[in-house]
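Counting convention: from 1, in listed order, for ligands and their atoms alike. One is the number of the first residue; the rest follow in order along the sequence.
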Amino acid sequence: MRQSKIVRGASSVQQTSGAAAVAAPNTANTTVSQHKTLLCVAVTASQTTEALRQVRQATEAGADSVELRLDFLEDFEASTTLELLLGSCNLPAIVTYRAGWEGGKHEGSEDDRLAVLRDAVRLGAAYVDVELKAARNFFAGLHRTESSNTKIILSSHDYQGTPDNASLDVTIREMFTAGADIAKVATTAQDIGDALRILRLPGRATGPVIALAMGEKGLVSRLLAGKFGGFLTFGRLEGGLGSAPGQPLLSELQGMYHVQSQQSSTKVLGVIGNPVSHSKSPALHNAALQAAGVNSVYVPLLVDDLPAFLRGCPEVDFAGFSVTIPHKVTALACADEVDPVAARIGALNTLVRSLDGRLKGFNTDWSAAIGAIEQGLSEQQGTAGPLSDAQPSSSPPQQESKRIASNDAAGTSGTSPLNRLRVVVLGAGGAGRALAFGAADKGAQVIIANRNLEKAQALAAAIGPDVEVVLPDAIISGKVLGDVLINTTSIGMHPLEDASPGPRSGLEGYKLVFDAVYTPIETLLLKEAAAAGCKTVSGLEMFVGQAAQQYELFNGSQAPVELLRQAVLHSMVTK
Ligand SMILES: *[C@@H]1O[C@H](CO)[C@@H](O)[C@H](O)[C@H]1NC(C)=O
Ligand SMILES: *[C@@H]1O[C@H](CO)[C@@H](O)[C@H](O)[C@H]1NC(C)=O
Ligand SMILES: *[C@@H]1O[C@H](CO)[C@@H](O)[C@H](O)[C@H]1NC(C)=O
């Protein structure tokens, strides 16, 4: 599948001898054998001094290559600038002088532009990028000497969409026929399915291919270029804008997504959502996968149409998904098999591809939160008695998942610390629903407090006959009391959020208060609950727990829970 060699294009131009090559500093020093996807930084400065600085920055950051975008340079002098740039560049450079008619900034004479590109060959640039549409004219005036190692990238850009598979294959074939050493196709992803199609181009081409889908929805085409054998992918520098929409950070390509150690056998995991760019899950899961040395990579998947996405992604490669808003309900219908509790909740957050290709659905939101609450209760009550067998949140996930799988009936497990406790759930949205079902499953007496009573009643009816429904006021005033308070909504205790914090009336009766929110880790509610003497459990435990359980569902072995917790905490300080 992956291209391991630079295959020379069929161009006869390469044999044409001409002026002797000038010994140049940026002589192509890439070897003929190319195993790793190159990580390239586009230099898009408008001033030469700044371009030189960006080249240095890219070199220090460990890029494999830089693309010198001459068309961005406002002070470009044909006679001096290119030689200066190539001379000071220790990395293999791609010289690009993108024409306006191909989406670039060069608007002058086409002859002058092509002359500069030919100059780049003469100066020994490692790569020169020429638009496919200009290939004939470019080659017509080129006298390549035998000693010139410059590789010609023929490129084609579509800023509107992504052509169909057949047209893309034709374009790439044309490029090699026209003399390309490397073919480059950059399209615009209207949907993540476009990115999935683009990823497959290198695998069926006759030579090396750079295939990228631009835009937010094309991100995976950049992140998974290593697995699919792309010749090169672009990353931007910290604080830089990159040269095209959707470019990820070079540091993320190197670290979190380890593009260069991806292999065709690398399994893909990911979080399906919309929006999804701010998800911490990639940071968490990749940290855990890398620590365990698992040959997988976990990516954000910006999905509009879940069933279409699932149809378009290659089964064997995409092994599991976290599912987040707004797809948690739709995901249920996409699963071939659903864990019974997830089915009753009516939403899932995990899809796992089993070996036979079937998709199994789970909901680790409720089990993680309930696990953390159980843990908190047993800490609060000591370890004696029938309450002692609650699983600590760092318990072997093995057991946790068996529990998920075996929770088939409205469990009244006599062993959960939640059994027979009065559990107040504030909110009847997705999280409220999952937690109400989860608590009931553990034998708790559930009270749903929600502004929209009809919604709360529907949820209560779905759970079972003993569920109470109240307005939030009843809870906030302390008229209705419970043992455990679970907050899943923005409904506040105070009429004004910035009212001075202090011990809150109505909280004293609770043994434990849980807040699904984890930014900040100690919310106002948790501060006040602690002041009122309640045990508190933060949403962080739920977030870490759901990721740990997903990790285990994806992998089948125990998750490094503490490492996951550290990764979330770290991502909270760095983002
Ligand atoms: C395009 O190619 C992808 C795989 O590369 C395939 O899943 C899809 O069905 C193809 N689409 C068409 C219309 O042939
Ligand atoms: C529940 O959490 C939200 C978000 O942190 C907060 O705005 C709200 O006040 C909390 N509810 C209570 C009852 O404290
Ligand atoms: C699970 O993790 C182990 C390493 O801890 C790895 O060897 C194995 O391949 C992984 N399994 C899957 C299905 O990813």
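- The contact set between ligand 1 and R197, taken as ligand atoms under 4.0 Å from a residue heavy atom, comprises 1 (C).
- Residue-ligand proximity, N487 to ligand 2, at heavy-atom distances under 4.0 Å covers atoms 1 (C), 2 (O), 3 (C), 8 (C), 10 (C), 11 (N), 12 (C).
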What are the atom names and distances for all N or O pairs under 3.5 Å between ligand 3 and the protein?
from	atom 1	to	atom 2	distance (Å)
ligand 3	2 (O)	N555	OD1	3.1
ligand 3	2 (O)	N555	ND2	2.4
ligand 3	11 (N)	N555	ND2	2.9
ligand 3	14 (O)	N555	ND2	3.2

Exercise. For E528 and L524, run side-chain contact (heavy atoms from CB on, under 4.5 Å): C-alpha distance rounded to whole Å, both residues' side-chain angles, the deciding distance at 0.1 Å, then the answer.
Key: CA-CA 6 Å; E528 291 174 336; L524 182 59; 3.8 Å; yes
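- Applying side chain to side chain contact (heavy atoms under 4.5 Å, CB included) to L269 and the options L289, V299, V297 leaves one that passes, L289.
- In this structure, Q550 contributes its side chain and N349 its backbone to a donor-acceptor pair below 3.5 Å.
- If you number the atoms of ligand 1 from 1 as listed, the ones under 4.0 Å from a heavy atom of R200 come out as 4 (C), 5 (O), 7 (O).
- A donor-acceptor distance shorter than 3.5 angstrom exists from the side chain of R433 to the backbone of I345, with no hydrogens or angles considered.
- A donor-acceptor pair under 3.5 Å is formed between the side chain of Q262 and the backbone N or O of L223.
- Residues F309 and F321 place their aromatic rings such that the two centres sit under 6.0 Å apart.
- At a heavy-atom cutoff of 4.0 Å, ligand 2 is contacted by the side chain of D515 but not by its backbone.
- Counting atoms of ligand 2 from 1 in the listed order, those under 4.0 Å from a heavy atom of L426 are 13 (C).
- At a 4.0 Å heavy-atom cut-off, ligand 2 touches T489 through the backbone alone.
- Residue pairs meeting the side chain to side chain donor-acceptor pair (under 3.5 Å) criterion with at least one partner in residues 323-336, sequence neighbours excluded, are K328-D365.
- The R204 neighbourhood of ligand 1 comprises atoms 5 (O), with distances under 4.0 Å to a heavy atom of that residue.
- The backbone N or O of D304 sits nowhere less than 3.5 Å from a side-chain atom of N274 that would complete a donor-acceptor pair.
- For the residue pair T266 and N295, a side-chain donor N or O sits within less than 3.5 Å of a side-chain acceptor on the partner.
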